[in-house]
2 protein chains.
Amino acid sequence: MSDNSKNPKQTTKRPNLSAEIADAIRDAIITGQLIVDERLPSESELSAQFNVSRPTVREALKRLAAQSLIRTQRGASGGAFVNRLSYEQAYDQQVTTATLLLSMNGVGFETACDARFALERACAPLAARNRTQHHLDRMRSELEKQRNAALSDEAFCTSDVAFHRAFVDSACNQVLSYQLAGAIEAMQPLMNMITYTRRSREKIVDLHDRILTALDQGDMAECDAALEALHSYTVDLGKSGR
Amino acid sequence: MSDNSKNPKQTTKRPNLSAEIADAIRDAIITGQLIVDERLPSESELSAQFNVSRPTVREALKRLAAQSLIRTQRGASGGAFVNRLSYEQAYDQQVTTATLLLSMNGVGFETACDARFALERACAPLAARNRTQHHLDRMRSELEKQRNAALSDEAFCTSDVAFHRAFVDSACNQVLSYQLAGAIEAMQPLMNMITYTRRSREKIVDLHDRILTALDQGDMAECDAALEALHSYTVDLGKSGR
DNA sequence: AGCTGATAAATGTCTGACAAATAAAATTCG
DNA sequence: CGAATTTTATTTGTCAGACATTTATCAGCT
């Protein structure tokens, strides 16, 4: 790792040192050569190792920081540390990425909707088995909000998302919750924008109630059926708008 | 946007200009103030606008580049452009993030497995409806590979992943394919490491065959049953190893 | 008109410096 | 001797200016 800069274009004529360095460090983290909370060499040491200037190293480190792979700390015994990727940070990235994918690639409403409900229905069996009173309470609380006719459209939507998030969380599977963060949160604006003028809150609240009741009783078939009904209703709303 | 540097600590004592600038630009992209393929101001102009130096601006831009939000181009009429986030780029990030989440947070084998198969089973209805001959051929081709007893463990696993990827893709829903990239690819090493010594290839191939046959016939119930069987078998393998 | 070379604009990189934060060591005082 | 305080060293954050490299554009020549 000392003289890798002697030969000018060793691999594939890369005019992008900071990206190269970032990739090298990223690989070291992914393969486990650098473990969580381990401190990277200081910027000066890294610039010496890679034979580049400090600004270049810094650009590489910022790339990694943007992915939450490292965190930095100033001062003596400060530096860059391998970051334990938290679910919260991963959620945010997931939501950002999913939002952009939807808005930038002209994904059709029905496609997004199909994906969203397919994923959510995947949670039903686990949710029926693992849900706790805490989850049921969260969902019931949101449902009460939604019954209030004075609620603004925006607040109704937020509560809608919270309801479905609680449902997903009730599967008690962090991986699933993470994976669905994008599907649920990113599609809120999309679905909201398309359906909020025509939807019947009453019907949605009824379906939410069916879901909650089914979950309470551990009836995963009924739960799935209610989700499917919500799916159909939403898709129909989308179609009628075109 | 001109004198935002006059008051030293306007919001929350942030000693991190490059992060602040990156967030500002990111927001502009997400909210649609900057649209795809639009060119950002040059680094010099940005440093003037934000009243910071060019290296600081560059660090901000590298953060965005790391998330594939922008791309840069050298030369006259070059610069930073808002990037159309492609599914391919999103796949990579998804897989990287999911891999790290699993390895860094001590996710149990069963939890990961439950999530993985729940998500994959979510594809079954859509797959049964939308699969094309192309997808079936891809899966059949992988299945043939897997029947070859001379195949190395590693190659068998790669083919296994390719088989499931083809299955997911057969739902013909890009959003779903994107969401499942992490679930399928990131868990390969995990599942492989745990089960490869004890699993029966024959049994797995049989189950793959059931899945493929069911998909061919559009029998989504049978397809789901086969996936559930594969799920149970995998979980059992994990349990017996503990 | 078509090709060629100069020009300008932009990113990529380097050097060197200073500011700010922070922990550890050194010092001072009770 | 022990505790509080000051100093010091280390490291990241920021700045300024410079040069290298790439690339589109345009002037000029054949």
Side-chain angles (χ1 to χ4, degrees), chain A residues 4-25 34 37-83, chain B residues 3-25 34 37-66 68-83:
Chain A
N4 56 352
S5 71
K6 204 54 188 301
N7 33 2
K9 302 177 178 183
Q10 63 179 68
T11 55
T12 58
K13 55 176 161 59
R14 283 214 234 172
N16 218 328
L17 291 178
S18 75
E20 200 171 337
I21 293 171
D23 285 345
I25 299 177
L34 292 169
D37 290 335
E38 185 170 342
R39 183 180 174 280
L40 302 180
S42 74
E43 295 176 353
S44 317
E45 288 172 307
L46 285 173
S47 26
Q49 278 183 29
F50 288 99
N51 245 315
V52 298
S53 69
R54 197 161 81 94
T56 302
V57 166
R58 281 184 63 79
E59 285 179 10
L61 293 180
K62 294 314 163 200
R63 293 178 121 108
L64 300 176
Q67 297 179 298
S68 304
L69 290 180
I70 62 172
R71 62 178 186 279
T72 57
Q73 207 173 0
R74 289 227 280 210
S77 78
F81 298 82
V82 178
N83 204 14
Chain B
D3 59 341
N4 55 354
S5 72
K6 202 56 188 299
N7 34 2
K9 302 177 177 182
Q10 62 179 70
T11 55
T12 58
K13 55 177 161 57
R14 283 214 234 174
N16 218 328
L17 292 177
S18 76
E20 203 170 336
I21 294 170
D23 285 345
I25 299 176
L34 292 170
D37 290 336
E38 186 170 341
R39 183 180 173 278
L40 299 181
S42 75
E43 295 176 354
S44 316
E45 288 171 309
L46 286 174
S47 26
Q49 277 183 30
F50 288 100
N51 246 313
V52 297
S53 69
R54 197 161 81 94
T56 302
V57 166
R58 281 183 62 79
E59 286 180 10
L61 294 179
K62 293 315 166 200
R63 293 177 121 107
L64 299 175
S68 304
L69 291 180
I70 61 171
R71 63 178 185 278
T72 56
Q73 206 173 359
R74 293 228 281 209
S77 79
F81 298 83
V82 179
N83 203 14

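As the structure is a computational prediction, the values presented were derived from the model and not from experiment. Numbers restart at 1 for each chain; the letters A, B, ... are given by sequence-line order, proteins then strands.
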**Fill in**
CG of A/Leu61 to CZ of B/Arg63, rounded to nearest 0.5 Å, is 10.0 Å

**Request:** Nearest whole angstrom, please: distance from the P of C/dT13 to the CD of B/Glu43.
**Result:** 11 Å

**Atom-to-atom span, CZ of B/Arg58 to C1' of D/dA16 - whole angstrom** = 15 Å

**Request:** Return the value, rounded to whole Å, for the distance between atom NZ of A/Lys62 and atom P of D/dT12.
**Result:** 9 Å

**Prompt:** Using a cut-off of 4.0 Å on non-hydrogen atoms, how would the nucleic acid contact of B/Arg39 be classed: base, sugar-phosphate, or nothing?
**Reply:** sugar-phosphate

**Prompt:** Rounded to the Å, how far apart are B/Glu45 CD and C/dT11 P?
**Reply:** 9 Å

**Prompt:** Roughly how far, to the nearest 0.5 Å, is CG of B/Asn16 from OG1 of A/Thr72?
**Reply:** 6.5 Å

**Heavy-atom pair of closest approach, residues A/Ile21 and A/Ala60** = CG2-CB, 3.8 Å

**Item:** Separation of D/dT12 P from A/Phe81 CZ (nearest whole Å)
**Value:** 9 Å

**Interatomic distance, B/Asn51 CG vs D/dC15 P [rounded to whole Å]** = 9 Å

**Asked** Would you say the side-chain atoms of A/Arg71 pair up with the backbone N or O of A/Val82, donor to acceptor, closer than 3.5 Å?
**Response** yes

**Asked** Whole-Å distance between D/dG13 P and A/Gln73 CD?
**Response** 10 Å

**Side chain of B/Ser77 - closest among C/dT13, D/dT14, D/dA24** = D/dA24

**Prompt:** Phosphate oxygens OP1/OP2 of C/dC14: is one of them under 4.0 Å from a side-chain N or O of A/Thr56?
**Reply:** yes

**Request:** Please answer whether the main-chain N or O of B/Gly78 pairs with a side-chain N or O of B/Arg39 as donor and acceptor at a distance below 3.5 Å.
**Result:** yes

**A/Ser42 side chain, from C-beta outward: closest of D/dA16, C/dT11, D/dT11** = D/dT11

**Asked** From the list C/dA23, C/dG12, D/dT12, which nucleotide is the closest neighbour of the side chain of A/Ala76?
**Response** C/dA23

**Item:** Under-4.0 Å side-chain N/O to phosphate OP1/OP2 contact, A/Thr72 with D/dG13
**Value:** yes

**Request:** Could you check which of D/dA24, D/dT22, D/dT14 has an atom nearest any side-chain atom of B/Arg74?
**Result:** D/dT22

**Request:** Side chain of B/Ser53 only, please: which of C/dA23, C/dC14, D/dT14 is the nearest?
**Result:** D/dT14

**Item:** A/Arg54 CZ - D/dT14 P separation (whole Å)
**Value:** 11 Å

